[in-house]
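First up is the structure itself, then whatever we jot down about it.
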Amino acid sequence: MNEHDANLRSREAQLANASAGLATSPAASPANAREQQPAPATPASASPAPLGSKADFPGLLSPTGAPWHYLDTAATAQKPQQVIDTVARALGADYATVHRGVYTRSAEMTLGYEAARRRVAAFIGGREDELVFTRGATEAINLVAQSWGAANLRPGDRILLSELEHHSNIVPWQLLSARTGAAIDVCPLTEDGQIDLAAAERILTPAHRLVAFAHVSNVLGSVLDARRAADLAHSVGARLLLDGCQAVPRLPVDVEALGCDFYAFSGHKLYGPTGIGALWARAEILADMPPWQGGGAMIDKVTFERTTYAPAPQRFEAGTPAIVEAIGLAAACDYVERIGRPAIHAHETQLVRQTREALRGMNDVRLFGPEDSAGIVSFALDGIHPHDLGTILDEEDVAIRAGHHCAQPLMERLGVPATARASFGLYSDEADIAALIRGIERTKRIFG
Ligand code: PMP
C-alpha cells in the first residue's frame, strides 16, 4: 500500500468510526456535533404544516394565486420546502463528492450520504447494509432481475407476477425470462381488484423462484396482504419482491414484519427528489448477489488480470452516486415521519371515501378498485375518453392522470383503454375533491 492509499484508508477508518456514532436520523443527531452532524439534517425549525395544508409546498401555490388542485401524486409527489432547502444546501454550500475523503468537505459529504442511507433504511425497518441506492424503483427491480435473477434462474424455473403490475414490475422479468429461459405466470385479481392470493396459492409450485407483486397498486390503490404473500412464496421456496412505490408514502412499511426478501421504491413519490430510490434486500441474499454494473466505487481492487468487488451495498452502486438526491430523500423521510404515516393514511382514506361517494352519486361513472383503496381513485365516464376529461379538468386547474398508467395488462383486464385517476397526498384536501367533481360535471355538460 503506498502512502496515499494508507492515508486514505486511515481517513476512511476515521469516517467509518464517526459515521458509526451518528444516530439513525441526521435530524436526531446532537446539534453541536459538527463532525457528526453533516449536511442533510432538515432544519429543526421546519415543523411540517398540518395534514391537508399546502403551505409547505411551493409547487402547489400557483403564481396567479388561484389554487391548483394537484391530484396526480401517485405519478410524483410535490416537494416540501424542507426537502427543497436540504437539497439546495447539499448542492450549494455543502457540496463535494463522496468516498474520496481526503479533504474535510468530502468527508462530511460522505457522512451525509451514509447517514441518508441509514435514514432511508430505518424508514422501512431495514438495516443500512441492506439498502442500495438506485435511480428509482425501476432501476431497483432491474437490479434484482439482472443480478439475483440472472445468477439464480434456469430454464424450468418460474416467476409469479400479477395482473395489476406496473410495467416496471413486468418488463424486467420478461427480459430476464429471455435471458434465462425462466417462465412467467400471472396471478389473477379478485372482482374488486386485489391480487387474488387464494389463486396465487393454487398457482405456486416448487418451480417458482420468485413472486413479484405491488404492495399497493398504482391504478386501483388495492393493498396487498404482504405477510400472506410472503408466507405463500416461502412455502414453495420462492423469494418475494414487493414493489413499494405507492406504499412507502402512506403505509408504515416494516420489511422485517412484512417478511419480504426484496423491497423496491422511488424517492420522488415519497416527497423526495427524482433520480433516487432504493432497493432493500435481505443481507444474506444481497451478500451472494453478483455486481450488475461495473465502474468506480463498487470495487475492492482492480487489475487487468482480476478485479475484486466491494461488499454490498457499495458493490451495487457503480460510479458517483446521486449524493444530493439521497440526502434529499432522507429529508423527505424525516418530513413524512414527523407527520406520521398512520395519520397520512387515515387522511387519504377519508379523501378516497369522499371521492368515491361523490362519483357514485353520478350516473354513468364506473369506479375501479376496492372501497378501501389507498390514496387512489380510478374511474371512467361513459362515452367520455379520460384524455378529454383530463384536458377539460386542466382548464379548471385540476390535474389528474389519464391513460394506462404504465399498466396495459391491467387495462385489458378491466376492459378499458385507459382510466382517469385522481390520487392524493398528505397535502390534498376537500377543496381538491370539490374542484374535481365540479370539473367532471362541466365535462359531462360539454359532452352531454
Ligand atoms: N411501480 C409502481 C407501482 C409505480 O407507481 C411506479 C411509478 N408510477 C413505478 C413502479 C415506477 O417508478 P419509477 O418510474 O419512479 O421508477
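For the numbers below, each heavy atom of this structure counts, side chains included, while hydrogens, waters and symmetry mates do not. One-based numbering, in listed order, for ligands and for the atoms of each. Numbers here simply count residues along the sequence, with the first being 1.
Only the side chain of Ser168 comes within 4.0 Å of ligand 1, judged by heavy-atom distances. With a 4.0 Å heavy-atom cut-off, ligand 1 is reached by the side chain of His268 but not by its N, CA, C or O. Counting heavy atoms under 4.0 Å from ligand 1, residue Lys269 touches it through the side chain alone. Contacts with ligand 1 closer than 4.0 Å are made by side-chain heavy atoms of Asp243 only, the backbone lying farther away.
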Applying side-chain hydrogen bond (donor to acceptor under 3.5 Å, both in side chains) to Gln174 and Ser177, what does each step give before you reach the verdict? CA-CA 5 Å; Gln174 291 174 327; Ser177 168; over 6 Å; no

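Checked by atom type and distance alone, the side chain of Asp394 never pairs as donor or acceptor with a backbone atom of Gly390 at under 3.5 Å.
For Asn169, the closest heavy-atom approach to ligand 1 does not fall below 4.0 Å. Heavy atoms of Ala137 come nearer than 4.0 angstrom to ligand 1 in at least one pair.
The number of heavy-atom neighbours closer than 6.0 Å to CD of Glu256, taken from other residues, nucleotides and ligands shown, is above 12. In this structure, Arg341 places its CZ atom where more than 12 heavy-atom neighbours from other residues, nucleotides or ligands lie under 6.0 Å away.
With His215, His166, Gln246 as candidates, the residue nearest to atom 6 (C) of ligand 1 on a non-hydrogen basis is His166.
Less than 4.0 angstrom separates some heavy atom of Thr138 from each of these atoms of ligand 1: 11 (C), 12 (O), 13 (P), 14 (O), 16 (O). In the vicinity of Ser266, heavy-atom distances shorter than 4.0 Å reach the ligand 1 atoms 12 (O), 13 (P), 15 (O), 16 (O). Counting atoms of ligand 1 from 1 in the listed order, those under 4.0 Å from a heavy atom of Asn218 are 3 (C), 5 (O).
In this model, no donor atom of one side chain and acceptor atom of the other lie less than 3.5 Å apart for Tyr113 and His99.
Contacts of Arg366 classified as side-chain hydrogen bond (donor to acceptor under 3.5 Å, both in side chains), with partners at least two apart in sequence or in another chain: none.
Taking the six-membered ring where tryptophan is involved, the planes of His167 and His404 are tilted, since the angle between them lies from 30° to 60°.
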